[in-house]
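This report refers to the structure that appears directly beneath it.
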Amino acid sequence: MDVYEAVTSRRAVRAFTGRRIPREVLERVLATAAWAPSASNLQPWHAYAVTDAPLAELKKRAGERLAAGGPWDEPEYQQYPPDLKSPYRERRAAFGEQRYGALGIPRHDVEARQRAASANWECFGAPAALFCYIDRDLGPAQWSDVGMYLQTVMLLLRAEGLHSCTQMAWAKYHRTVAEILRPPDELMLFCGMSIGYEDTATQYSRTGRAPLGETLTFLDD
């Protein structure tokens, strides 16, 4: 797949088929993604690929926690600033309106929105998931490196005809994830990523992007 096509066709897919992904495909993607750039070649990502029985057990435990209605795990990092300023606040709000509007869920129906969000912990039906950790002692520059690694993974998945959805939502259940993955204590869960073949029978609304002039400045004269 052309790189431009991979970039523009990548999106957060939230409906997957149960079609099994050959292990050699996942291994090829993740072995190649290891060439993602990182400052001084620190390679600060720690990834866990989960399929089959371990993933089924994780989904089961997450579902049980959700059904019990208990609190989320204490946050280990701040996902968004408490006072998100403009224009980021408006972009986030527009995303929510589009996402839930496409599902026919009005803004005031909090319960329906929560039900839709609960699909996160089913990995949207995906047969594979990637959980990405970072060492607690590392800083913002290394978090940036982890982001470049994840983007590389997602683009390589497109080259294999696969889709993905990164999910910081899994950080809210980081203790449950740790029960299955058993990572070293010095690692912090950043996000999960659902991986699979898209369920094309499910309709979706593509989230747009800000005009280029809002995010890019050319200096050429």
Side-chain angles (χ1 to χ4, degrees), residues 1-14 26 28-47 75-102 107 117 120 124 129-172 187-195 198 203-221:
M1 180 181 289
D2 176 84
V3 175
Y4 283 87
E5 182 183 355
V7 171
T8 55
S9 66
R10 186 221 60 81
R11 60 186 179 82
V13 167
R14 294 181 175 86
L26 292 175
R28 181 164 58 244
V29 165
L30 297 173
T32 306
W35 290 96
S38 60
S40 298
N41 199 32
L42 294 188
Q43 304 168 70
W45 48 83
H46 296 264
E76 296 191 291
Y77 68 91
Q78 186 174 303
Q79 293 187 4
Y80 301 100
D83 296 313
L84 195 62
K85 66 181 183 181
S86 182
Y88 315 111
R89 179 179 61 251
E90 291 82 3
R91 290 174 186 167
R92 186 183 182 193
F95 164 75
E97 288 294 323
Q98 183 175 356
R99 160 98 172 107
Y100 294 110
R107 183 182 184 88
N120 272 287
F124 305 106
L130 188 76
F131 292 90
C132 192
Y133 286 78
I134 185 170
D135 195 295
R136 299 176 189 277
D137 292 336
L138 297 180
Q142 287 73 55
W143 284 77
S144 174
D145 293 339
V146 169
M148 289 190 284
Y149 168 76
L150 291 170
Q151 172 77 340
T152 302
V153 170
M154 289 186 283
L155 295 181
L156 289 167
L157 289 170
R158 289 301 301 122
E160 297 285 353
L162 293 159
H163 272 286
S164 61
C165 182
T166 49
Q167 303 161 268
M168 287 191 294
W170 276 108
K172 300 179 185 299
L187 297 185
M188 177 193 311
L189 178 61
F190 171 42
C191 70
M193 180 191 294
S194 295
I195 299 171
E198 180 184 8
Q203 294 185 343
Y204 73 92
S205 178
R206 184 79 188 266
T207 304
R209 293 295 183 267
L212 197 59
E214 290 187 16
T215 59
L216 174 68
T217 300
F218 268 112
L219 297 176
D220 54 8
D221 288 327

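Computed from a predicted structure; not experimentally measured.
Arg136 and Glu76 are joined by a salt bridge, as a carboxylate oxygen and a charged side-chain nitrogen come within less than 4.0 angstrom of each other. With respect to the salt-bridge test (charged N to carboxylate O, under 4.0 angstrom), the residues Glu214 and Arg91 qualify.
At most 12 non-hydrogen atoms from other residues, nucleotides or ligands lie less than 6.0 angstrom from OH of Tyr88. More than 12 heavy atoms of other residues, nucleotides or ligands sit less than 6.0 Å from atom CG of Asp220.
Distance alone, capped at 3.5 Å, is enough to place a donor-acceptor pair between the Asp145 side chain and the Ala39 backbone. Side-chain atoms of Arg158 come within 3.5 Å of backbone atoms of Leu162 as a donor-acceptor pair (strictly under, hydrogens ignored). Judged by distance alone, the side chain of Gln79 and the main-chain N or O of Met168 form a donor-acceptor pair under 3.5 Å. In this structure a side-chain-to-backbone donor-acceptor pair under 3.5 Å is missing from Gln167 to Ala169.
Considering only heavy atoms from C-beta on, Leu155 comes within 4.5 Å of Val7 through its side chain. Residues Trp170 and Lys172 are not in side-chain contact: their nearest non-hydrogen atoms beyond the backbone lie 4.5 Å or more apart. Side-chain contact between Asn41 and Gln43: present, with at least one pair of heavy atoms (C-beta onward) separated by less than 4.5 Å. For the pair Thr207/Arg11, no side-chain contact is recorded, criterion being any heavy-atom separation below 4.5 Å from C-beta on. Here the side chains of Ser164 and Val153 are not in contact, with every heavy-atom distance at 4.5 Å or above. Annotation: side chain of Leu138 is not in contact with side chain of Val146 (no heavy-atom distance under 4.5 Å).
Within the model, atoms CG of Leu157 and CE of Met154 stand 8.5 Å from one another, a figure rounded to the nearest 0.5 Å.
Each of Pro87, Ser86, Pro82, Pro81 was checked for a side-chain contact (heavy atoms from CB on, under 4.5 Å) with Leu84, and the lone residue meeting it is Pro81.
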Let's go through Leu150 and Met193 carefully: what are the C-alpha distance in whole Å and the side-chain angles of both, what is the deciding distance for side chain to side chain contact (heavy atoms under 4.5 Å, CB included) to 0.1 Å, and is it a yes or a no?
CA-CA 9 Å; Leu150 291 170; Met193 180 191 294; 3.8 Å; yes
Apply side chain to side chain contact (heavy atoms under 4.5 Å, CB included) to residues Gln142 and Ser38 and explain how you reach the verdict.
CA-CA 7 Å; Gln142 287 73 55; Ser38 60; over 6 Å; no
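Ring pair Phe131/Phe190: centre-to-centre distance not below 6.0 Å.
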